[in-house]
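Single-structure report; data block below.
Just follow the structure's listing: the first ligand is 1, and inside any ligand the first atom is 1.
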Amino acid sequence: MMKIIFATGNKDKMAEIREIMEDLGYECSSMKEEGIESDPEENGTSFEENAVIKAQAVYDIAKARGIEAIVMADDSGLEIDCLNGEPGIYSARYLGRDVPYSVKNADLIKRTDESGDPDRTARFVCAVAAFFPDGTHEVVRGTVEGVVAHTPSGNRGFGYDPIFFLPDRGCTTADLTNEEKNAISHRGNALRMMKEILVKKYHS
Ligand code: ITT
């Protein structure tokens, strides 16, 4: 059976990835489960570049150890239009990695309020890079559109979910069940595209 190793140290992301990838029937493990440690400098200028940096670093380690697997990475974040796309590729590092999301979220609501933008539009973006055993790689991007909430809501999901409001559902992504979030999320959309690529590559 083909194995996929995910180059992520983020447990919340990994939980979502497992659920979204489940129906493919491939063995899906985190780099930690493979005994691989990797924390390359994410010095790309786009989600795509950073996803490639993370996937390639783990692909190289796996290859050197003789592990035959597809290695994938997810680089994601929140882009707020009235803040010129901030926090964007710096989403995990915004205000400092160890600052609680309650503080980061309150700060982004405050800055959005202060901008005076009546629309408050924002999107979650997820780039997924995959390195294949034949040495080729692919990158895809998924997004989901929303607005910055006026107050945080919900206790599911992680990170910026409590302030990402979906006008057509009348709730934030932190109010959705895992299944509901994965069905519409940036990560769900990117991974579904990547699953199609895998199916074409290995099953046609
Ligand atoms: P890895 O690089 O190890 O995968 P990370 O958390 O550092 O983990 P990123 O650099 O891709 O990952 O940063 C993603 C950040 O964007 C994440 O920490 C959240 O702050 C935010 N984010 C991404 N997807 C999200 C989601 O579905 N819901 C809420 N916040 C999200």
Atoms in ligand 1 with a heavy atom of Ser76 nearer than 4.0 Å
11 (O), 13 (O), 14 (C), 15 (C), 16 (O), 23 (C), 24 (N)

Going by the atom numbers of ligand 1, which of them fall below 4.0 Å from some non-hydrogen atom of Asp75?
9 (P), 10 (O), 11 (O)

When distances are taken from atom 30 (N) of ligand 1, the protein heavy atom at minimum range is Tyr160 N, 3.2 Å

According to the interplanar angle, ranging from 0 to 90°, do the rings of Phe124 and His186 count as parallel (below 30°), tilted (30 to 60°) or perpendicular (above 60°)?
parallel

Gly159, any N or O under 3.5 Å of ligand 1 N or O
no

Could Glu86 and Arg111 be called an ion pair, given the rule that one side-chain N must be under 4.0 Å from one carboxylate O?
yes

Is the number of heavy atoms from other residues, nucleotides or ligands within 6.0 Å of OH (Tyr90) greater than 12?
no

Pick from His186, Lys54, Arg93, Met31: the one approaching atom 2 (O) of ligand 1 most closely through a non-hydrogen atom:
Lys54

Shortest protein contact, atom 9 (P) of ligand 1 (heavy atom only):
Lys13 NZ, 3.6 Å

Gly77: heavy atom below 4.0 Å from ligand 1, yes or no?
yes

Should Lys3 and Glu68 count as an ion pair when the cut-off is N to O under 4.0 Å?
no

What orientation do His137 and Phe131 show, parallel under 30°, tilted 30 to 60°, or perpendicular over 60°?
parallel

What is the nearest protein non-hydrogen atom to atom 24 (N) of ligand 1, stated with its residue, atom name and distance?
Arg187 NH2, 3.0 Å

At what distance is the nearest protein heavy atom to atom 3 (O) of ligand 1, and which residue and atom is it?
Gly9 N, 2.8 Å

Identity and distance of the protein heavy atom lying nearest atom 29 (C) of ligand 1:
Phe158 O, 2.9 Å

Under 4.0 Å to a heavy atom of Tyr101 - the qualifying atoms of ligand 1, by number
17 (C), 18 (O), 19 (C), 20 (O)

Among all protein heavy atoms, pick the one closest to atom 27 (O) of ligand 1 and tell me residue, atom and distance.
Lys181 NZ, 2.7 Å

the protein heavy atom lying closest to atom 6 (O) of ligand 1 turns out to be Asn10 ND2, 2.9 Å

Heavy-atom contact check, 4.0 Å cutoff: does Arg97 meet ligand 1?
yes

Donor-acceptor side-chain pairing of Tyr94 and Asp107 below 3.5 angstrom:
yes

With the threshold set at 4.0 Å, does a side-chain nitrogen-carboxylate oxygen contact exist between Asp175 and Arg156?
no

Within ligand 1, which atoms have a heavy atom of Ser91 less than 4.0 Å away?
15 (C), 16 (O), 20 (O)

For ligand 1, which atoms have a heavy atom of Glu42 less than 4.0 angstrom away?
2 (O), 10 (O)

Within a strict 4.5 Å, meaning less than it, do heavy atoms of the Met21 and Met72 side chains meet?
yes

Can Phe164 be said to touch ligand 1, with heavy atoms closer than 4.0 Å?
no

Scan side-chain atoms only and decide if Ser76 and Arg187 contain a donor-acceptor pair under the 3.5 Å cut-off.
yes

Would you say Asp74 contacts ligand 1, with heavy atoms under 4.0 Å as the rule?
yes

Strictly by modelled atom types, are Asp134 and Thr136 linked by a side-chain donor-acceptor pair under 3.5 Å?
yes

Assess the side chains of Asn182 and Ser185: does a donor N or O sit below 3.5 Å from an acceptor N or O?
no

